[in-house]
Amino acid sequence: MNKNLPDGVWPVMLTPFTNDNEVDYDALDKMVDWYIRKGANGLFAVCLSSEMFNLSLRERAEVARRVVESAAGRIPVVASGHISDAIGEQIDEIGEISKTGIDAFVLVTNRLAAEHEDEEVWKRNAETILAQHPDVMFGLYECPLPYQRLLSPELTKWCAETGRFLFMKECSNNLEQIKEKLEAARGTPLKIYIANNPHVLETMQAGGNGYSGILANFQPELYVWLTENWDKEPEKAKHVQDFLGASNLFEGRHYPTSSKYYMQLEGLPLGLKCRTKKLEEFKVTHRREIEQLHRANRFIADQLQLNGADSL
Ligand SMILES: N[C@@H](CC=O)C(=O)O
């Protein structure tokens with residue numbers, strides 16, 4: 001497994017389904033190519049956006065394997081997928097999914113302790129998992145479901161200093177906490193990618209590593225431009241950040257159906273079926289919003305002459 005992950009943009013991948021509710025692996029291959037064409041620096045497969053809680057273990061492992069094969073070394077791939085409550089079962093899930101060639105297995109922070117349990121319980125469970133899988137490198141994801149467990153800077157430091165953690169999808173949505181975690185990870189292999197787009201520019205200015213969030217499924221090239229150019233073109237970077245921050249409103253609107261529709265507008269051959277959302281709730285007006293966001297992304301890139309974002 002790779003010991004040093006690249007900075008930049010790590011989309012949280014969707015899972016395409018056929019009308020018969022099977023994983024659509026051909027569409028998944030096309031999706032991987034699309035993310036790479038848009039400039040993604042890495043891929044986070046089998047995450048909440050992939051509807052991991054609604055995939056069987058066989059599907060979680062197969063999706064991870066297919067994404068690794070499809071990316072074919074062009075960019076690294078991390079994946080999660082330990083959804084059980086019992087640590088013993090999670091250890092088995094981690095084993096199955098880690099065998100697929102991923103660069104790191106991403107631990108969902110809320111799986112390692114119940115909501116009422118403290119960080120000592122979390123740390124003990126992390127030690128068990130690390131000991132059971134000595135050859136696996138890990139990531140961390142402060143996933144909002146079934147409850148959100150944000151790591152303290154102290155626990156982040158502990159993870160970072162084990163040398164076994166390479167990736168964190170940071171979900172606090174709080175710049176002060178982000179900065180504390182960046183400080184905690186300094187000088188270690190742990191890279192911190194934030195999940196909440198209102199803070200991308202300030203996170204990069206504070207020494208952050210990039211973005212790994214939902215909106216990279218709608219406007220990946222704008223995040224790629226921002227994470228690559230925030231210091232070279234600071235005035236444009238502020239305008240791009242303003243637009244991306246406002247785009248945050250799309251996160252909670254019929255996602256991931258909305259994002260699959262966006263990808264259809266991009267020419268990707270995938271259906272809108274999701275296991276966690278009812279298609280009939282995605283109305284004509286929601287489609288219009290996504291069509292307008294699609295055009296607005298292009299307009300912003302053209303107006304600001306964002307070189308490097310012209311694959312839009
Ligand atoms: N904005 C986040 C939500 C996490 O809490 C994401 O992109 O996943």
Side-chain angles (χ1 to χ4, degrees), residues 7-15 31 35 38 40-55 77-83 104 106-112 115 139-152 155-156 167-182 191-204 208-224 226-227 240-263 274-277 290 293 297:
D7 289 356
V9 178
W10 289 69
V12 283
M13 289 190 67
L14 309 183
T15 305
M31 197 185 278
Y35 287 122
K38 294 287 177 179
N41 303 89
L43 294 172
F44 182 3
V46 196
C47 53
L48 191 58
S49 291
S50 325
E51 304 180 88
M52 67 174 169
F53 290 105
N54 298 74
L55 299 175
V77 177
V78 299
S80 186
H82 60 138
I83 64 174
V106 182
L107 296 177
V108 170
T109 53
N110 66 40
R111 300 288 77 206
L112 272 67
E115 195 164 6
L140 296 158
Y141 169 22
E142 296 172 323
C143 179
L145 294 177
Y147 80 94
Q148 189 170 47
R149 176 175 277 269
L150 300 175
L151 296 196
S152 67
L155 190 52
T156 305
F167 176 97
M168 175 188 265
K169 175 171 154 74
E170 204 280 349
C171 297
S172 69
N173 207 3
N174 175 318
L175 191 59
E176 284 320 303
Q177 286 192 43
I178 294 167
K179 286 181 179 168
E180 287 176 352
K181 286 175 180 152
L182 288 173
K191 297 217 168 170
I192 298 189
Y193 308 89
I194 61 150
N196 292 295
N197 35 331
H199 303 297
V200 179
L201 177 56
E202 287 165 300
T203 298
M204 296 311 292
N209 299 104
Y211 174 69
S212 180
I214 288 175
L215 268 295
N217 284 316
F218 295 89
Q219 42 196 187
E221 55 283 277
L222 297 184
Y223 293 93
V224 170
L226 186 58
T227 56
V240 173
Q241 175 57 63
D242 287 345
F243 180 65
L244 297 184
S247 306
N248 200 36
L249 297 172
F250 281 93
E251 238 187 50
R253 269 177 96 65
H254 300 280
Y255 181 76
T257 316
S258 53
S259 183
K260 289 183 175 174
Y261 185 57
Y262 190 96
M263 291 181 185
C274 295
R275 289 189 181 169
T276 55
K277 290 283 154 51
I290 296 301
L293 175 66
N297 286 338

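Sequential numbering from 1 along the given sequence is applied to the chain's residues. Both counts, for ligands and for their atoms, begin at 1 and track the order of listing. None of these values were measured; they are calculated from a predicted model.
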Between Thr276 and Pro256, what is the shortest heavy-atom contact and its length?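 Taking every non-hydrogen atom into account, OG1-CD, 4.2 Å.
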Of the non-hydrogen atoms in Asn110 and Cys143, which two are nearest, and what is the gap between them?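 Here Asn110 and Cys143 meet closest at ND2-O, 3.3 Å.
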With ring centroids as reference points, do Tyr193 and Phe44 lie under 6.0 angstrom apart?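 Not under 6.0 Å, so no.
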What about the rings of Phe250 and Tyr255, do their centers lie closer together than 6.0 Å?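 No, the ring of Phe250 stays outside the 6.0 Å limit from the ring of Tyr255, centre to centre.
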With a 4.5 Å cut-off on side-chain heavy atoms, are Met204 and Leu226 touching?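 A side-chain contact under 4.5 Å is absent here.
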Passing option when Trp10 is tested against Tyr211, Tyr223, Phe167 for ring pair (Phe, Tyr, Trp, His ring centres under 6.0 Å):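 That would be Phe167.
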Give me the pairs of N or O atoms, one from ligand 1 and one from the protein, that sit under 3.5 Å apart.
{"unit_1": "ligand 1", "atom_1": "1 (N)", "unit_2": "Ala195", "atom_2": "O", "d": "2.9"}
{"unit_1": "ligand 1", "atom_1": "1 (N)", "unit_2": "Asn196", "atom_2": "OD1", "d": "2.9"}
{"unit_1": "ligand 1", "atom_1": "1 (N)", "unit_2": "Glu251", "atom_2": "OE1", "d": "3.1"}
{"unit_1": "ligand 1", "atom_1": "1 (N)", "unit_2": "Glu251", "atom_2": "OE2", "d": "2.7"}
{"unit_1": "ligand 1", "atom_1": "7 (O)", "unit_2": "Lys169", "atom_2": "NZ", "d": "3.4"}
{"unit_1": "ligand 1", "atom_1": "7 (O)", "unit_2": "Ala195", "atom_2": "O", "d": "3.1"}
{"unit_1": "ligand 1", "atom_1": "7 (O)", "unit_2": "Ile214", "atom_2": "N", "d": "2.8"}
{"unit_1": "ligand 1", "atom_1": "8 (O)", "unit_2": "Lys169", "atom_2": "NZ", "d": "2.6"}

